[in-house]
Participant: 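Below is one structure. I have some questions about it.
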Amino acid sequence: MALKKLIYTTSLVTIVGAGLAFFLIPDRSETAQAYCGKMAKAASYKGDLEQYSVLIRGQDEWVFRTENDFRTDFAVNQKTKNYMLTLQKALKAKNIDLVVVYPPLRGMIHDDHLSKKHKKAYGMENPDAVWDNYESTITDLQKTGLNVVGVNRDETAPDFYYKRNHHWSSVGSKITAQKVATYIKQLPSYQNLPKEQFTSHPSEPTAYQSSFEKAYDKLCGTELPPEMITTYTTTKNISGLNEQALFDDAAQPKVVLLGTSNSVQESSSANFEGFLKEALSTDVLNMA
């Protein structure tokens with residue numbers, strides 16, 4: 001009788017006659033070997049490990065944080081909206097426009113790297129519904145009068161976030177910076193900003209360690225494999241500047257960036273500040 005073999009990602013199924021035998025092929029990837037049972041238990045994440053709770057293995061070498069990467073409801077209650085409006089109006093009274101960036105989460109962008117079991121466990125069985133909720137929240141906040149910027153599903157990319165790091169990649173930060181710049185350019189105050197030209201330059205691919213290293217080390221005594229990434233450096237174009245401008249003391253930037261580690265080059269390697277300068281054609285003071 002003919003022998004038929006069906007090969008799956010995690011197992012080999014061999015059908016012989018009327019019998020059925022399963023031969024499991026263990027996952028030999030470095031990410032799989034680094035994972036241990038403690039990581040699946042919420043009680044393991046104490047003290048400085050709480051921010052990592054709970055780490056799970058996705059498919060294709062991805063790692064997710066269940067308490068931070070998955071969310072199905074992005075609605076903002078009225079009390080919080082009122083606080084945000086009060087802050088925005090107080091800054092506006094001092095001729096400052098507040099713009100808030102509300103990015104989508106890793107789980108909703110990269111749900112294709114989740115198993116069916118994890119999708120069911122963390123509310124990602126219907127990612128379209130999650131995206132609809134997120135996008136409608138952005139629209140609702142904008143209708144309230146708040147300067148809020150989000151990123152729609154059709155504007156994301158397969159490598160928006162890193163595989164084994166909670167930060168966005170240079171791809172995700174550039175997409176977001178361009179979306180933010182488009183919004184800011186519609187504000188009347190943008191016309192008063194000093195304009196300069198900036199250009200972002202890619203580097204050679206480099207190894208980037210996972211931000212989950214501490215949890216793997218403390219709980220399992222293991223290391224996650226690094227990712228190879230392309231970083232960017234943004235520089236001011238000086239070809240059009242005259243000699244006097246080259247030696248004049250630079251004025252304080254009129255755009256101030258207040259953010260999380262996603263806005264810090266040392267932690268994210270994503271160049272959000274630089275991409276924002278390039279997209280806005282003005283300097284940015286990074287206070288993240």
Side-chain angles (χ1 to χ4, degrees), residues 27 29-36 38-40 42 44-45 47-71 101-115 118-119 122 124 127 151 155-177 179 200 202-234 257 259-276 286 288:
D27 190 339
S29 70
E30 291 182 76
T31 303
Q33 293 183 62
Y35 197 85
C36 68
K38 286 184 178 180
M39 307 203 78
S44 300
Y45 299 84
D48 59 354
L49 295 186
E50 289 183 0
Q51 61 178 311
Y52 304 104
S53 182
V54 168
L55 293 171
I56 61 169
R57 285 177 47 226
Q59 299 173 342
D60 311 310
E61 301 288 286
W62 281 73
V63 177
F64 293 91
R65 296 184 300 173
T66 61
E67 292 187 12
N68 292 277
D69 291 338
F70 304 118
R71 185 174 174 181
V101 184
Y102 198 176
L105 301 182
R106 288 178 81 232
M108 57 194 289
I109 294 180
H110 304 296
D111 65 282
D112 54 324
H113 299 291
L114 291 168
S115 66
H118 286 148
K119 285 186 177 183
Y122 302 109
M124 297 305 298
V151 178
E155 297 168 332
T156 61
D159 48 356
F160 193 98
Y161 283 99
Y162 295 118
K163 289 184 176 183
R164 295 179 290 280
N165 195 299
H166 69 277
H167 296 104
W168 55 27
S169 68
S170 57
V171 173
S173 74
K174 183 175 183 178
I175 290 171
T176 307
K179 187 71 181 290
S200 298
S203 70
E204 292 295 322
T206 184
Y208 181 57
Q209 287 297 131
S210 170
S211 60
F212 307 141
E213 277 294 307
K214 182 184 292 186
Y216 273 77
D217 179 44
K218 284 193 172 184
L219 297 181
C220 305
T222 57
E223 295 181 2
L224 278 169
E227 295 179 57
M228 295 304 294
I229 67 170
T230 299
T231 59
Y232 287 80
T233 301
T234 302
L257 172 60
T260 65
S261 55
N262 275 319
S263 300
V264 179
Q265 184 66 9
E266 289 76 13
S267 54
S268 69
S269 294
N271 195 45
F272 182 63
E273 169 194 337
F275 289 134
L276 200 56
N286 190 349

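Because only heavy atoms are used, hydrogens play no part in the values below, and waters and symmetry mates are left out as well, while side chains stay in. What you see is a predicted model, and the numbers here were worked out from it, not measured in a lab. Here, residue 1 is the first one in the sequence, and each next residue gets the next number.
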Participant: Just how far is it from atom CG of Asn68 to atom NE2 of His166, taken to the nearest 0.5 Å?
Facilitator: 8.5 Å
Participant: Measuring from Asp112:CG to Trp62:CH2, what's the distance to the nearest 0.5 Å?
Facilitator: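 Reported to 0.5 Å precision, the distance equals 8.0 Å.
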Participant: May I ask you to test the Asp69-Tyr161 pair for a side-chain heavy-atom distance under 4.5 Å?
Facilitator: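 Side chain of Asp69 against side chain of Tyr161, heavy atoms only: no contact under 4.5 Å found.
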Participant: Using a 3.5 Å distance criterion without hydrogens, assess whether the side chain of Ser267 forms a donor-acceptor pair with backbone atoms of Ser261.
Facilitator: yes
Participant: Give a yes or no answer on whether the side chain of Ser53 reaches the backbone of Tyr45 with a donor-acceptor pair at less than 3.5 Å.
Facilitator: no
Participant: Using side-chain heavy atoms (C-beta onward) and a distance below 4.5 Å, is Cys36 in contact with Thr222?
Facilitator: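 A side-chain contact is absent here, since even the closest heavy-atom pair is not under 4.5 Å.
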Participant: Using side-chain heavy atoms (C-beta onward) and a distance below 4.5 Å, is Arg65 in contact with Phe212?
Facilitator: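 Yes, close enough: below the 4.5 Å cut-off.
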Participant: Within 45 degrees of the ring normal and closer than 6.0 Å to the centroid, is that where the cationic atom of Arg106 sits relative to Phe64?
Facilitator: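 Yes - Arg106 lies over the ring of Phe64, closer than 6.0 Å to its centre and within 45° of its axis.
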Participant: Does any part of the side chain of Asn271, heavy atoms only, come nearer than 4.5 Å to the side chain of Gln265, both counted from C-beta?
Facilitator: yes
Participant: Check for a donor-acceptor pair, side chain of Asn262 on one end and backbone N or O of Trp168 on the other, with a separation under 3.5 Å.
Facilitator: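 Indeed, once roles are kept as given, a pair shorter than 3.5 Å links the two residues.
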Participant: Can you give me the closest heavy-atom contact between Thr31 and Leu224, atom names plus distance?
Facilitator: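 Thr31 and Leu224 have their closest heavy atoms at CG2-CD2, 3.9 Å.
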Participant: Do Ser210 side-chain atoms and Arg164 backbone N/O form a donor-acceptor pair below 3.5 Å?
Facilitator: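 Present.
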Participant: Might you work through the side-chain contact (heavy atoms from CB on, under 4.5 Å) test for Val63 and Tyr216, ending with a clear yes or no?
Facilitator: CA-CA 11 Å; Val63 177; Tyr216 273 77; 3.7 Å; yes
Participant: What verdict does the side-chain contact (heavy atoms from CB on, under 4.5 Å) test give for Val151 and Phe160, after you've listed the backbone C-alpha separation in whole Å, the side-chain angles of each residue and the deciding distance to 0.1 Å?
Facilitator: CA-CA 11 Å; Val151 178; Phe160 193 98; 4.3 Å; yes
Participant: At what distance, to the nearest 0.5 angstrom, does CZ of Arg57 lie from CE of Met39?
Facilitator: 11.0 Å
Participant: Hey, does Thr233 have a side-chain heavy atom less than 4.5 Å from the side chain of Ser203?
Facilitator: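 The answer is no; the side chains never approach within 4.5 Å.
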Participant: Would you name the heavy atoms of Phe275 and Ser170 that are closest together and state the gap between them?
Facilitator: CE1-O, 3.4 Å
Participant: Applying side-chain contact (heavy atoms from CB on, under 4.5 Å) to Tyr122 and Leu114, what does each step give before you reach the verdict?
Facilitator: CA-CA 10 Å; Tyr122 302 109; Leu114 291 168; 5.9 Å; no
Participant: Output the distance between atom OG (Ser169) and atom CG (Asp159), rounded to the nearest 0.5 Å.
Facilitator: 5.0 Å
Participant: Taking the inter-plane angle between the rings of Tyr162 and Tyr208 on a 0 to 90° scale, is it parallel (under 30°), tilted (30 to 60°) or perpendicular (over 60°)?
Facilitator: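 Geometry flag for Tyr208 against Tyr162: tilted rings.
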Participant: Might you confirm whether atom CD of Gln59 has over 12 heavy atoms from other residues, nucleotides or ligands at distances under 6.0 Å?
Facilitator: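 Check passes, neighbour count above 12.
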